[in-house]
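These notes concern the structure reproduced below.
For ligands, and for the atoms within them, numbers begin at 1 and follow the listed sequence.
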Amino acid sequence: MAASSDVEIAIVGAGVVGLATALRLAGEGHEILLIDPNEPGSGASFGNAGTIAEYACMPVGNPAVLRALPKLLLDADSPFALRWPALFQLAPWLVRFVRQSLPEATRANALALAGLLSHALLAWEEMVQEAGLRDLLRRNGCLYLYRRESDFAAAAGGRTLRAELGVHQEVLTQQEVAVLEPRLQEVEGRGLYFPDSMNVTDPSTVMRRLFDAAVARGATLARAEVTGLRTGAGSVELSGADFRVRAKTVVIAAGARSRALAAQAGDSIPLETERGYHLEFSTEAPLLNRPVCPVDLGFYMTPMTGRLRVAGTVELGGFAAPPNPRRLALLDRGVRQFFPNLGRHSSEWLGFRPSLPDSRPVIGRSRNSPQVIHAFGHGHLGLTLAPIKARLVAGLIGGSGDAASLAAFSADRFGA
Ligand SMILES: Cc1cc2nc3c(=O)[nH]c(=O)nc-3n(C[C@H](O)[C@H](O)[C@H](O)COP(=O)(O)OP(=O)(O)OC[C@H]3O[C@@H](n4cnc5c(N)ncnc54)[C@H](O)[C@@H]3O)c2cc1C
């Protein structure tokens with residue numbers, strides 16, 4: 001990148017959100033500069049479970065999680081664990097998370113998420129066309145497994161809410177699960193099937209194609225880390241170690257690391273990370289027909305090109321700590337309950353979900369710096385929501401967006 005330059009729109013962060021937004025805006029004829037020090041799509045967007053989970057309107061914080069929280073946090077091998085050395089730093093986020101897990105807040109958060117998710121599949125179909133992703137998309141639904149009746153009962157509130165919000169879901173018997181997934185070790189309990197859901201078979205190829213399609217429409221990439229953001233009259237100046245860029249509009253899409261940039265725009269946003277892991281196992285033929293989530297273990301097993309990816313669990317613990325071998329061992333032990341003959345895993349990964357305590361992303365213009373648009377905080381749903389987010393950002397920039405309809409996602413909801 002030239003040491004100093006001017007551009008119409010700078011997008012900070014080339015994860016799935018930044019890439020989908022670049023594709024959309026470049027397609028509409030805007031001049032786009034993506035800025036990222038890393039390979040596009042190599043953050044959280046690289047290692048996720050690949051589900052396009054239009055059904056997942058239940059926020060992470062909800063009454064069932066709240067009831068189980070003490071037990072979960074005290075058990076280092078639970079699907080929702082805390083690294084205790086990070087407790088002091090995480091305490092404010094956890095307090096908000098607990099408040100957002102109360103029934104009334106849960107309902108409001110679920111309604112807000114459902115509003116976005118109801119457009120997710122259509123927006124994905126459109127992006128699939130634009131970026132040539134058809135061969136990477138599967139439409140086989142997604143399956144939750146409830147091996148313990150107590151887990152099924154605890155999730156009753158979620159099922160009722162989803163039914164009320166029009167999400168397609170079917171309760172399956174053990175026999176019906178076996179018909180859908182014949183290679184799965186026989187499991188007791190039942191299934192919950194989301195027939196409309198989709199998945200991608202290789203997130204990193206999806207990212208590469210999104211990037212290529214954005215570049216083909218004129219977007220450019222600068223490999224640099226943005227450390228400074230300063231708003232002035234009619235423009236925003238971004239800066240880093242050896243560059244300066246002036247943009248008419250800046251989109252902050254730096255995933256879990258967006259907080260410091262948003263603060264420089266004047267917005268204090270309680271963004272934290274939920275660390276998540278994956279293991280991959282090479283397979284000659286697919287072991288599953290769709291993503292399958294054993295709910296008690298908190299991960300998805302997703303069939304991907306030439307491999308099975310086991311991805312998920314939540315570890316609260318910030319960025320600095322190294323990968324936790326116990327979490328990886330948990331995934332390994334868990335998947336072997338369903339596929340006892342798997343060989344050794346072929347790869348392992350730790351990623352950082354960008355998470356708000358109410359599970360709602362932040363979308364909209366900064367109150368203090370209206371040339372800055374926030375586009376981060378998608379938590380467990382960034383892959384699912386990226387194309388709809390791109391549409392919303394394009395609407396804000398093009399003037400067709402209805403800012404009032406985005407009130408539930410505004411940065412202002414967290415107070416000053
Ligand atoms: C284990 C796991 C499983 C998941 N499964 C699913 C799933 O099945 N379905 C789903 O919808 N979602 C899933 N998610 C969530 C999803 O992956 C994320 O929400 C999504 O990838 C976030 O995308 P992003 O573009 O906001 O962030 P990222 O992909 O993390 O990208 C952010 C980019 O910003 C760059 N950046 C950061 N700071 C700066 C800076 N200062 N200057 C310039 N660039 C910067 C980074 O280098 C990075 O490239 C999962 C996440 C995990 C961890």
Side-chain angles (χ1 to χ4, degrees), residues 10-22 33-56 60 79 116-117 120 124 142 197-200 203-204 206-207 210-211 221-229 238-241 243 245 250-262 264 271 273-279 291 293 298-302 304 309-315 319 327-328 331 348-356 359 361-363 374-390:
I11 300 177
V12 185
V16 68
V17 174
L19 291 171
T21 306
L33 175 67
L34 276 159
I35 311 178
D36 197 313
N38 299 312
E39 186 68 20
S42 62
S45 305
F46 166 84
N48 56 60
T51 65
I52 298 167
E54 96 298 343
Y55 55 85
V60 180
L116 284 185
L117 288 166
W124 250 94
C142 171
S197 158
M198 310 194 291
N199 69 286
V200 296
S204 75
V206 169
M207 298 311 135
L210 286 176
F211 176 65
L221 171 72
R223 291 288 286 268
E225 182 184 6
V226 176
T227 52
L229 181 153
L238 298 174
S239 56
F243 76 93
V245 171
V250 163
V251 179
I252 301 180
R257 299 182 194 263
S258 300
R259 182 178 187 152
L261 294 170
Q264 293 183 61
L271 182 71
T273 184
E274 292 173 73
R275 296 154 60 106
Y277 292 83
H278 88 215
L279 289 179
C293 169
F299 59 65
Y300 282 98
M301 302 178 286
T302 304
M304 295 201 174
R309 180 177 283 184
V310 185
T313 78
V314 168
E315 184 186 41
F319 294 102
R327 307 300 295 168
L328 292 163
L331 294 183
E348 55 187 51
W349 174 83
L350 160 67
F352 300 99
R353 298 182 188 89
S355 299
L356 276 316
S359 294
V362 181
I363 316 173
H374 297 308
F376 56 84
H378 299 79
H380 294 234
L381 290 171
L383 184 71
T384 305
L385 292 175
I388 188 70
K389 182 74 159 249

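Ligand 1 is never approached by Phe46 to a heavy-atom distance shorter than 4.0 Å. In this structure, Ala53 falls outside the shell of residues with a heavy atom less than 4.0 angstrom from ligand 1. Judged by the shortest distance from any of its heavy atoms, Ala375 lies outside the 4.0 Å radius around the atoms of ligand 1. Heavy-atom separations between Glu225 and ligand 1 include at least one value shorter than 4.0 Å.
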Using the rule given for ring-ring contact (aromatic ring centres under 6.0 Å, His included), can you reason through Phe376 versus His378, listing the C-alpha separation, both sets of side-chain angles and the distance that settles it, and then say yes or no?
CA-CA 6 Å; Phe376 56 84; His378 299 79; 8.1 Å; no

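When hydrogens are left out, the protein atom nearest atom 53 (C) of ligand 1 is Arg353 CG, 3.5 Å; that is the closest non-hydrogen contact. Residue, atom and distance of the protein heavy atom nearest to atom 6 (C) of ligand 1 are Asn48 CB, 3.5 Å. Of all protein heavy atoms, the one lying nearest to atom 8 (O) of ligand 1 is Thr51 OG1, 2.7 Å. Given atom 13 (C) of ligand 1, the protein heavy atom at minimum distance is His380 O, 3.1 Å. Nearest protein heavy-atom contact of atom 39 (C) of ligand 1 is Ala254 CB, 3.9 Å. Counting protein heavy atoms only, atom 26 (O) of ligand 1 is closest to Gly255 CA, 3.5 Å. Scanning the protein for heavy atoms near atom 16 (C) of ligand 1, the closest one is Gly382 N, 3.8 Å.
In terms of polar-atom proximity, defined here as any N/O pair under 3.5 Å, Glu274 makes no such contact with ligand 1. Between Ser42 and ligand 1, not a single N/O pair is under 3.5 Å apart. Remark: ligand 1 and Pro37 share no N or O pair separated by less than 3.5 Å (distance only, no angle test). In terms of polar-atom proximity, defined here as any N/O pair under 3.5 Å, Asn38 does make such a contact with ligand 1. Taking any N or O of Val17, backbone or side chain, at least one lies under 3.5 Å from an N or O belonging to ligand 1. Polar contact check, Gly18 against ligand 1: no nitrogen or oxygen pair lies under 3.5 Å apart. Backbone and side-chain nitrogen or oxygen atoms of Ala49 are examined, and one is located within less than 3.5 angstrom of a nitrogen or oxygen of ligand 1.
Using a 4.5 Å heavy-atom cutoff, the side chains of Pro361 and Lys389 are in contact.
For Ala224, every heavy-atom contact with ligand 1 shorter than 4.0 Å involves the backbone, none the side chain. With a heavy-atom cut-off of 4.0 Å, Phe376 does not touch ligand 1 at all.
Heavy-atom contacts of Ile35 reach the following atoms of ligand 1: 43 (C), 44 (N) (cutoff under 4.0 Å). Residue Asp36 approaches ligand 1 through these ligand atoms, each under 4.0 Å from one of its heavy atoms: 33 (C), 34 (O), 35 (C), 43 (C), 44 (N), 46 (C), 47 (O), 48 (C), 49 (O). Applying the 4.0 Å criterion to heavy atoms of Val12 picks out, from ligand 1, the atoms 42 (N), 43 (C). Close approach of ligand 1 to Gly312 (heavy-atom distance below 4.0 Å) involves ligand atoms 1 (C). Near Val16, meaning under 4.0 Å from one of its heavy atoms, ligand 1 places the atoms 23 (O), 25 (O). Those atoms of ligand 1 that come under 4.0 Å of a heavy atom in Leu381, given as number and element, are 10 (C), 11 (O), 12 (N). Set against the non-hydrogen atoms of Tyr277, the atoms of ligand 1 under 4.0 Å away are 1 (C).
Counting only non-hydrogen atoms, the option in Ala20, Ser45, Gly15 that gets closest to atom 23 (O) of ligand 1 is Ser45. Nearest to atom 19 (O) of ligand 1 by heavy-atom distance, out of Ser197, Ala44, Gly379, Ala386, is Gly379. The closest non-hydrogen atom to atom 40 (C) of ligand 1, taken over Val226, Thr227, Leu229, comes from Val226.
Here the OH atom belonging to Tyr55 is positioned 10.0 Å from the CG atom belonging to Leu117, to the nearest 0.5 angstrom. Rounded to the nearest 0.5 angstrom, Leu328 CG and Tyr277 OH are separated by 6.5 Å.
Cation-pi check for Arg257 over Phe352 is met; the charged atom lies under 6.0 angstrom from the ring centroid and within 45 degrees of its normal.
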